[in-house]
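Okay, structure first, notes after.
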Protein chains: 2
Amino acid sequence: MNNHVTLKQLAKELGLSISTVSKALKNSYEINDKTILRVQALAKKHNYRPNRMALSLKNNQTKTIGVIIPNILNYFFSKVLLGIEDEANKNGYQIIICLSNNKYEKELQSLELLSDGSVDGFILSIARETQREKHHNHFNKIIKEGYPIVMFDRVSENVNCDKVVIDDFEATFNATNYLLKQGRKKIALISTVSNLDIGKQRTDGYTEALKKYQNYQNDAIVIPITDKSKYESTISDIFKEHKNIDAILTTNNVSAVTALKMAQLNGYKIPKDISVIGFSDDQISRLSHPKLSTIDQNAFEMGKKAVESLISRLAEKSTTAFKTQVVKTDLLVRETT
Amino acid sequence: MNNHVTLKQLAKELGLSISTVSKALKNSYEINDKTILRVQALAKKHNYRPNRMALSLKNNQTKTIGVIIPNILNYFFSKVLLGIEDEANKNGYQIIICLSNNKYEKELQSLELLSDGSVDGFILSIARETQREKHHNHFNKIIKEGYPIVMFDRVSENVNCDKVVIDDFEATFNATNYLLKQGRKKIALISTVSNLDIGKQRTDGYTEALKKYQNYQNDAIVIPITDKSKYESTISDIFKEHKNIDAILTTNNVSAVTALKMAQLNGYKIPKDISVIGFSDDQISRLSHPKLSTIDQNAFEMGKKAVESLISRLAEKSTTAFKTQVVKTDLLVRETT
DNA sequence: GTGAAAGCGCTAACAC
DNA sequence: GTGTTAGCGCTTTCAC
């Protein structure tokens with residue numbers, strides 16, 4: 001129960017009408033200079049600020065963005081959030097956060113919860129479960145209700161909206177190429193996102209690079225891992241099943257670091273005997289020993305772009321075509337390549 | 001610009017008055033059963049939901065909690081956020097996030113931004129800069145304006161409000177004791193939070209444990225590190241300056257892992273020659289090699305407790321005494337002790 | 001130069 | 001059983 005000063009109270013204290021006070025605070029030309037000064041002085045004294053709910057109701061806009069994040073413990077998403085918050089604040093927007101925890105039900109619920117006039121639009125990355133089970137009606141429904149959505153990273157081709165993605169294909173394509181140019185002969189890909197759309201693109205980038213490279217002798221080796229508890233055992237098996245692997249590309253850093261550890265336990269020298277490239281410029285990659293080479297997704301910029309995109313969508317009356325922005329990735333060469 | 005159905009539109013379509021519709025939706029005993037059915041059917045068809053802003057304005061409560069986080073890239077804070085979001089949702093609350101990025105100005109701004117009727121109260125952890133410079137008036141001002149605050153982890157004794165903390169003293173006290181009982185003779189503490197209140201408590205826990213232990217021969221060794229870029233060099237120096245160190249306790253896992261690495265480079269076997277204990281049950285601690293023993297702050301539970309505390313504060317009329325809840329810590333013994 | 005009144009969407013006390 | 005009215009805090013048009 002906050003005890004804000006309202007226009008009403010100011011008006012009463014000043015012996016003026018509410019509308020005069022309102023205008024005076026806006027330096028309206030209609031109002032006498034002296035009155036303006038009197039009003040503003042009192043407003044300042046009481047630290048008056050217009051009630052946001054009243055403004056929202058009046059203007060039919062909340063200046064608030066709903067953000068739905070699949071997993072806040074993931075460094076990448078945290079960093080996107082940092083970008084979103086920064087850019088939103090710069091534009092006078094607040095952000096309401098919901099966490100889907102990668103569950104479809106929670107995502108759906110969050111969407112419905114916030115589409116009661118709480119926000120002007122959404123920025124979200126699709127929950128793992130949603131993508132696996134190919135749901136998308138809930139998104140389209142929300143859009144039809146008049147809430148624009150901007151999707152980032154994990155997007156759906158079945159939803160017509162603005163998107164911000166990285167070029168997942170190009171990311172692994174370039175990384176694979178880098179390994180090939182270093183003379184690696186047998187490169188494996190560990191995919192922890194094989195059930196996501198981006199997983200397919202990352203796999204394609206890898207296989208395509210191998211295909212295009214002259215004289216590459218081996219088949220593509222793609223090892224999917226879904227169960228977190230099986231990282232160690234699955235990766236350990238790689239070294240048994242595939243002899244002479246001399247490079248490993250991964251889709252996240254937990255698996256990359258695990259691979260690093262397993263390789264070392266198997267007596268490999270890094271990067272002499274085997275190269276490892278992770279995905280995402282997070283703390284783990286900077287703390288491993290040796291320091292992990294990795295693919296930087298420029299998460300902060302993704303967040304920023306998503307906000308820009310949503311705000312310009314909110315600003316316009318007529319619906320211009322939806323666009324998908326691609327944020328470039330960088331290969332960060334550290335000590336494991 | 002969302003296009004929600006309003007009571008007005010429903011009323012018009014049904015040829016009823018707004019208030020009848022409103023009551024019908026609430027199954028009011030005043031309204032005829034048939035009317036109720038008609039109204040609810042149409043409401044469902046149009047997916048009617050009361051506008052949140054209108055409700056907030058009417059009820060003078062937003063059912064929204066403002067959350068101010070110092071650093072979202074920190075695993076601990078992300079996990080607290082997870083707990084906050086979960087518990088808030090369970091109670092029908094939304095959360096608006098602001099990130100202080102450990103800056104006083106940003107924290108102040110966030111507080112002012114949200115105290116315009118956007119939220120019912122705040123949950124926050126104090127920015128590093130704010131604590132270092134000992135600001136607290138902004139908190140007290142907000143409280144005076146009628147917004148209850150619940151502080152977690154980094155709290156201020158100069159602000160009279162509900163708090164949720166871990167027993168930082170006990171955490172390091174117990175960890176140090178554990179090392180002593182294992183027969184460690186020369187234990188060092190690396191403190192990355194020496195400019196925070198919790199830093200002092202953690203240091204005290206460590207020194208107190210040493211003092212109480214019979215026959216401990218060495219002085220306390222406390223190494224403060226503030227500059228992130230100097231982790232490696234500072235920690236490396238420890239091994240030069242202090243011979244025979246056989247255990248290191250730290251206040252975060254980045255320094256613990258760095259210590260681990262430096263110890264290994266110096267030829268120490270872990271945990272045979274030297275024990276290392278970190279702080280916080282994050283990914284880093286589980287991925288290091290060997291796996292880091294660490295102090296678990298039960299972050300999720302802190303978030304949950306903070307929400308419970310705020311909600312019960314909001315519910316009551318009379319002001320009961322503020323309380324500080326202490327969440328227990330656990331020593332997670334893994335492979336470095 | 002100032003104020004009254006309507007309206008954003010909703011609820012609830014009070015008619016009828 | 002249904003409708004009218006006032007009011008939450010604000011802006012803005014229209015009177016005076």
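A note on names: the letters A, B, ... follow the listed sequences, proteins ahead of strands, and every chain is numbered from 1.
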Requested in this report: Report the C-alpha separation of A:S115 and B:R49 in whole Å, then their side-chain angles, then the decisive distance to 0.1 Å, and conclude whether the side chain to side chain donor-acceptor pair (under 3.5 Å) test is met.
Outcome: CA-CA 9 Å; A:S115 60; B:R49 265 144 63 244; 3.2 Å; yes
Testing the 3.5 Å rule here: is there a donor-acceptor pair between the side chains of [X] and [Y]?
{"X": "A:N91", "Y": "A:E308", "value": "no"}
{"X": "A:S56", "Y": "A:Q61", "value": "no"}
{"X": "B:N27", "Y": "B:Q40", "value": "yes"}
{"X": "B:N102", "Y": "B:R132", "value": "no"}
{"X": "A:D120", "Y": "A:T62", "value": "yes"}

Starting at atom [atom1] of [X], determine the distance to atom [atom2] of [N], rounded to an integer number of angstrom.
{"X": "A:N51", "N": "D:dT11", "atom1": "CG", "atom2": "C1'", "answer": "13 Å"}
{"X": "B:D120", "N": "D:dC8", "atom1": "CG", "atom2": "P", "answer": "18 Å"}
{"X": "B:L14", "N": "D:dG3", "atom1": "CG", "atom2": "P", "answer": "10 Å"}
{"X": "B:M53", "N": "D:dG7", "atom1": "CE", "atom2": "P", "answer": "24 Å"}
{"X": "B:D116", "N": "D:dG9", "atom1": "CG", "atom2": "P", "answer": "14 Å"}
{"X": "A:K8", "N": "D:dA6", "atom1": "NZ", "atom2": "C1'", "answer": "10 Å"}
{"X": "B:N27", "N": "D:dG1", "atom1": "CG", "atom2": "C1'", "answer": "15 Å"}
{"X": "A:L7", "N": "D:dC8", "atom1": "CG", "atom2": "P", "answer": "12 Å"}

Report task. Identify, residue by residue, the members of residues 16-23 of chain A with a heavy atom below 4.0 Å from DNA chain D, and return them in order of residue number, or none. Result ->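 Within residues 16-23 of chain A, the residues near DNA chain D are A:I18, A:S19, A:S22, A:K23.
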Report task. Under 4.0 Å from any heavy atom of chain B: name the first and the last nucleotide of DNA chain C that qualifies, 5' to 3'. Result ->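 With heavy atoms of chain B under 4.0 Å away, the range is C:dC8 to C:dC14.
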Query - Set of residues satisfying side-chain hydrogen bond (donor to acceptor under 3.5 Å, both in side chains) with respect to B:N71, sequence neighbours excluded - result: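 For B:N71 there are no side-chain hydrogen bond (donor to acceptor under 3.5 Å, both in side chains) partners, ignoring immediate neighbours.
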Requested in this report: Mind checking B:S56 for me? I need base, sugar-phosphate or nothing, with any heavy atom below 4.0 Å counting as a touch.
Outcome: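 Counting heavy atoms under 4.0 Å across all strands, no contact is made by B:S56.
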Report task. Classify the nucleic acid contact of B:L55 as base, sugar-phosphate or nothing, counting any heavy atom under 4.0 Å across all strands shown. Result ->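 Sugar-phosphate contact only.
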Requested in this report: Indicate, with yes or no, if the rings of B:H4 and B:Y48 have centres closer together than 6.0 Å.
Outcome: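 No.
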Query raised in the report: Taking the nucleotide of DNA chain C with the closest heavy atom to each, which residue, B:E30 or B:K26, is nearer the 5' end?
Result: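 Nearest nucleotide further toward 5': that of B:K26.
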Query - Aromatic ring pairing A:F152/A:F76, orientation class (parallel under 30°, perpendicular over 60°, tilted between) - result: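 Rings of A:F152 and A:F76: tilted, 30 to 60°.
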Query raised in the report: Mapping B:Y29 and B:L57 to their closest nucleotides on DNA chain D, which lands nearer the 5' end?
Result: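 Closest to the 5' end, via its nearest nucleotide, is B:Y29.
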